[in-house]
Amino acid sequence: SIRSGKTECGYEVRPCQCTVWAEGYAPLTRTLESLIAGQVTEFDLERGEAPTVSGRIHDGERAVDKARITLSLLWWSGMWVPPNGMPIATATSDIDGQFRIAAPAGRYVLTIVSGGDEESRVVELPLAEPIDVDLSVDTAILASVHDSSGIACAGQRVALNGPDGRMVRVNTDTNGLARFSRLPVGTFKVQVMNSPSPNVFRGEEAVSVDLREGEERHVDLVIGLGTP
């Protein structure tokens with residue numbers, strides 16, 4: 001786990017925090033002067049245990065084995081795009097659907113993949129208790145996009161921002177629908193992106209959606225009513 005700095009002109013050589021851990025050894029954090037200076041730094045680990053994230057994955061009453069679980073770093077800004085792309089540890093659920101991953105204390109993105117199902121959530125270690133993942137429960141938002149005359153808009157990019165920092169972008173299908181699946185409980189912002197290029201964000205007015213576990217909320221979005 002590495003934390004470094006950045007200036008407006010790019011990356012600079014400056015001290016950074018580096019954390020090292022191993023099975024059966026407690027995490028150790030040290031300040032390094034540089035990661036590119038070519039110096040070798042030794043970490044004298046002591047026996048101990050790192051915090052763990054553990055839990056059970058199931059589909060209704062059926063335990064899900066061989067699911068792949070990935071623990072990834074969460075950027076300092078707290079914003080992330082599923083699936084988060086900085087994995088530090090992985091595990092596979094056993095025949096009872098149980099899994100366990102050890103890592104230093106901090107906030108991470110936990111991603112679970114089983115067959116065609118993929119679910120991500122933010123976790124903070126150490127956890128107070130194991131997590132329960134029921135793949136039979138799909139909490140979702142379905143956005144319907146059309147113009148002011150009611151014509152469905154295919155290929156329209158829709159943005160979702162979640163209370164846990166997730167940012168998701170989905171294009172509408174031929175019926176003008178965009179579905180955001182396997183979301184956590186909370187309040188989300190959904191809006192149509194109205195930009196000349198994917199690198200420039202400009203959108204219609206955001207719609208706030210309160211989502212409860214297991215429900216699918218429908219959102220009606222009309223393009224052409226926002227700021228051009």
Check your understanding: Please walk me through it: do Leu73 and Tyr108 pass side chain to side chain contact (heavy atoms under 4.5 Å, CB included)?
Key -> CA-CA 5 Å; Leu73 288 176; Tyr108 300 89; 3.9 Å; yes
Review point. So Ser114 and Leu135, side chain to side chain contact (heavy atoms under 4.5 Å, CB included) or not? Walk me through it.
Key: CA-CA 9 Å; Ser114 175; Leu135 296 179; 3.9 Å; yes
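- Using a 4.5 Å heavy-atom cutoff, the side chains of Arg169 and Met193 are in contact.
- Between Trp21 and Pro27, the shortest heavy-atom distance links the atoms CB-CA, 3.7 Å.
- Counting only heavy atoms from C-beta outward, the side chains of Leu127 and Thr52 never approach each other to under 4.5 Å.
- Members clustered with Ile95: none, using a 4.5 Å side-chain heavy-atom cutoff among hydrophobic residues.
- Once rounded to the nearest 0.5 Å, the distance linking OG of Ser144 with CG of Asp220 reads 5.5 Å.
- Counted by atom type alone, Ser120 and Thr111 present one or more donor-acceptor pairs between their side chains at under 3.5 Å.
- Expressed to the nearest 0.5 Å, how far OG of Ser136 lies from CG of Asp59 amounts to 5.5 Å.
- For the residue pair Asp65 / Ser93, no side-chain donor-acceptor distance below 3.5 Å is found, with atom types taken as modelled.
- At a threshold of 4.0 Å, the pair Arg56-Asp96 does not count as salt-bridged, since none of the basic side-chain nitrogens sits closer than that to a carboxylate oxygen.
- At a threshold of 4.5 Å between non-hydrogen side-chain atoms, the residues Phe188 and Val207 do not count as touching.
- A continuous path of hydrophobic side-chain contacts links Ile101 to Leu125 [ILVMFWY only; heavy atoms under 4.5 Å].
- Hydrophobic clustering (ILVMFWY, side-chain heavy atoms < 4.5 Å, transitive): Ile57 and Val113 are in distinct clusters.
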Point to revise | Verdict with reasoning, Asp117 to Arg182, per salt bridge (charged side-chain N to carboxylate O under 4.0 Å, His left out) | key: CA-CA 9 Å; Asp117 294 322; Arg182 302 208 169 276; 3.3 Å; yes
Review point. Can Thr19 and Arg30 be said to form a side chain to side chain contact (heavy atoms under 4.5 Å, CB included), step by step?
Key: CA-CA 7 Å; Thr19 301; Arg30 294 184 58 180; over 6 Å; no
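- Summarising the geometry, atom CG belonging to Leu110 is positioned 9.0 Å from atom CD belonging to Glu119; distances are rounded to the nearest 0.5 Å.
- Residue Val158 is tested with Ile141, Thr172, Val219, Asn171 for a side-chain contact (heavy atoms from CB on, under 4.5 Å); the sole match is Thr172.
- Within the 4.5 Å cutoff, the side chain of Val122 has no heavy atoms near those of the Glu124 side chain.
- No side-chain heavy atom of Ser72 sits less than 4.5 Å from a side-chain heavy atom of Trp80.
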**Study point:** Steps toward side chain to side chain contact (heavy atoms under 4.5 Å, CB included) verdict (Arg166, Leu183)
**Key:** CA-CA 10 Å; Arg166 75 178 63 208; Leu183 300 173; 4.1 Å; yes
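- Using a 4.5 Å heavy-atom threshold, the side chains of Arg68 and Thr90 count as touching.
- Taking the side chain as every heavy atom from C-beta outward, Val168 and Val81 never approach each other to under 4.5 Å.
- Atom CZ of Arg62 sits in a crowded spot, with more than 12 heavy atoms from other residues, nucleotides or ligands closer than 6.0 Å.
- Taking the side chain as every heavy atom from C-beta outward, Arg179 and Asp138 approach each other to under 4.5 Å.
- By the rule that hydrophobic residues join a cluster once side-chain heavy atoms approach within less than 4.5 Å of another member, Val209 and Phe180 end up as members of one cluster.
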